[in-house]
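Each ligand, and each atom within it, is numbered from 1 in the order the structure gives.
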Amino acid sequence: MGRPSKLAIWRQCQAHAADMKAKKLVDIMDVDITRTQALTLSLDGFQADFSRTHTTQEETLSLLLALAKEQEVATWRDRMFAGEKINNTEGRAVLHTALRSKETAPLLVDGKDVRPEIAATQSKMQRFSNEVRDGDWRGATGKTITDIVNIGIGGSDLGPRFVVGALRDLTTGPRVHFVANVDAADINGVLRTLNPETTLFVVVSKTFTTQETLLNANTARTWLVSHLGNQSVAKHFVAVSTNKEAVQSFGIQTDNMFTMWDWVGGRYSLWSAAGLSIALAIGWEGFKALLDGAASMDRHFQTAPLDQNIPVLFALLSLWYRSFWGTSAEAVLPYSERLRDLPRYLQQLNMESNGKSVTREGEAVDYNTGPIIFGECGSVGQHSFHQWLHQGRDIVPAEFIGIAQDDQNRPEHHAVLSAHMKAQIEALRAGRVDPDPARTNLGNKPTFVLTLPTLGPYPLGQLLALYEHKVFVQGVVWNLNSFDQFGVEHGKKLADKILKS
Ligand code: F6P
């Protein structure tokens, strides 16, 4: 397939970008109402408004869609869903979508149907989370569990941490804490607040070789054993991993282990048993609703025509700026305190997936790949870096994520929050002319606006699947393998060497 930059369509996009750079968003938006309709899409109440971008239907969209076709986005999508080994450098299938699928036809990886294994693990998760939440699972001294500590890092932390935080108002189970950093201040800070008799540790590590996680898990075990003795481990530790032997040698019995598979990438793993702490917090029905929301976005991604396909358009319009306007960053701005960890979660999803400089075939790329992702929740970010968005010279596409309805019983707060979000979007679009240059807002800055009807598990699942597919489509257009992360592996090995020296 090679580098897309050698294609005629790539050069056409470059030429078109040069034309569009001379145009202002306000002018582009004013001339054409059908354009706004074509760029505003919805799915079960979830709305995506891409109209505030430097895009015309006749040219920009058709060129980008032609690029997507040339790069065989639909074929690669179908190959992913079918379980083909599209993670070519590691020889692995990429099947996080199977974890939320309702399909029943066999889905084969190496000749084996993965669906029964998924169903069995989900039943085990359901049983276990019910037992803990109902107080049937007791600690070594017979007490019910009040606190869960999820020990993991990267995808074994960021996804579950984000979802548990986002759905915190729906938590009906034990309190869930997260420990990721190998800095002892992290685990000490959590352990200090806990009673070993009522604490359950969930050690999440796909490989069960990640040094930070294993050290934190060992420290937690030492703490537990010092209070309750060796035999207490069986009632206070469970593991989520692909590595049965390592889990056993850590001292966790197979009964207390939840299986993962090498066809689920770490940063795509919250849908698997890596999401156990989510089920413990909000219950199995809530976790299922999260999966169902993601499945609805999956179906849409698989079936909607490309020009009406939310993940495809989102990916292409964001790529439009990165590849053809030379932008370096994207801002993620959730107007919701509960979505505060979304930028961190998306940093891994996006930057670990598409922070690459060679094509699938190993050829050096001569174009920009994944951008810097940063962000903060509104309206907090307005009082820090938004100044740079408004008056800095860089163009930074900004993604606004809002919640349509107030669910906090404080309509006056919701009204102010929503007004601020709308104001920022409008200020970025239109700018403000003032006789004093220092008071002039440049405007002409593109924004993407995603609106969730409510902050529940179903729309949250849709949002996360949308971002997964956005990253996927961009990786396909750039001809990257979005599913390995060898850059990170090198650092891990170096740290090992340094420790041993
Ligand atoms: O940071 C690299 C990485 O491999 C991530 O992709 C992964 O999510 C994280 O480490 C944790 O890995 P594990 O779940 O195997 O402990």
Side-chain angles (χ1 to χ4, degrees), residues 86-96 99 121 125 149-164 178-183 186-187 201-221 237-250 252 257-278 341-356 369-370 372-373 464 467-468 471-472 475 480-496 499:
I86 60 167
N87 175 355
N88 62 313
T89 53
E90 297 181 302
R92 291 178 182 169
V94 175
L95 274 178
H96 48 279
L99 298 164
T121 299
M125 285 173 75
V149 183
N150 186 99
I151 300 180
I153 199 164
S156 299
D157 168 74
L158 290 165
R161 186 193 288 262
F162 165 65
V163 174
V164 168
F178 290 87
V179 171
N181 201 326
V182 75
D183 178 352
D186 199 4
I187 190 146
F201 294 95
V202 180
V203 184
V204 186
S205 178
K206 181 177 164 184
T207 55
F208 229 77
T209 58
T210 303
Q211 191 180 37
E212 295 98 318
T213 298
L214 292 187
L215 184 52
N216 277 325
N218 271 303
T219 302
R221 188 179 51 189
F237 269 86
V238 298
V240 179
S241 187
T242 55
N243 189 344
K244 204 165 154 186
E245 292 72 38
V247 169
Q248 275 170 338
S249 65
F250 179 86
I252 297 175
M257 177 181 160
F258 297 82
T259 310
M260 277 172 88
W261 305 272
D262 71 2
W263 41 259
V264 183
R267 50 193 173 275
Y268 301 87
S269 65
L270 72 92
W271 320 101
S272 73
L276 185 61
S277 52
I278 304 171
D341 284 333
L342 182 63
R344 293 179 80 199
Y345 166 79
L346 291 180
Q347 274 173 338
Q348 189 202 15
L349 178 65
N350 213 311
M351 296 170 85
E352 201 168 66
S353 297
N354 286 343
K356 308 283 165 67
T369 56
I372 300 164
I373 304 293
L464 296 183
Y467 271 108
E468 286 179 348
V471 169
F472 170 77
L480 307 176
N481 176 6
S482 301
F483 300 102
D484 61 13
Q485 60 284 319
F486 291 115
V488 187
E489 305 305 331
H490 175 60
K492 290 184 191 172
K493 292 200 180 98
L494 262 185
D496 251 358
L499 262 178

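Side-chain contact between T207 and T242 is absent, with no heavy-atom pair separated by less than 4.5 Å.
Protein heavy atom at the shortest distance from atom 13 (P) of ligand 1 is T210 OG1, 3.3 Å. Looking from atom 8 (O) of ligand 1 to the surrounding protein, the closest heavy atom is G155 N, 2.7 Å. Annotation: atom 9 (C) of ligand 1 to nearest protein heavy atom, I153 O, 3.6 Å.
Looking at D262 and K206, no side-chain N of the basic residue comes within less than 4.0 Å of a carboxylate O on the acidic one, giving no salt bridge.
The backbone and the side chain of T207 each have at least one atom closer than 4.0 Å to an atom of ligand 1 (non-hydrogen atoms only).
By the 6.0 Å contact criterion, NZ on K492 is enclosed, its count of non-hydrogen atoms from other residues, nucleotides or ligands being greater than 12.
Within ligand 1, the atoms closer than 4.0 Å to a non-hydrogen atom of K206 are 13 (P), 14 (O), 15 (O), numbered from 1 in the order shown. Distances below 4.0 Å separate heavy atoms of G154 from the following atoms of ligand 1: 8 (O). Short contacts between ligand 1 and K492, defined as distances under 4.0 Å to a heavy atom of the residue, involve ligand atoms 2 (C), 3 (C), 4 (O), 10 (O).
For the side chain to side chain donor-acceptor pair (under 3.5 Å) test with R267, the passing option among E468, Q347, Q485 is Q485; the others fail.
Taking only non-hydrogen atoms, the option from E489, E352, Q485 nearest to atom 1 (O) of ligand 1 is E352.
In summary, the aromatic rings of F483 and Y268 are positioned with their centroids under 6.0 Å apart.
Side-chain contact of N481 with N87: a donor-acceptor pair under 3.5 Å is present, judged by distance alone. Side chain to side chain, T369 and N354 fail the donor-acceptor criterion of an N or O pair below 3.5 Å.
Between F208 and ligand 1, no pair of N/O atoms sits closer than 3.5 Å. Between S156 and ligand 1, an N or O atom pair is found at a separation short of 3.5 Å.
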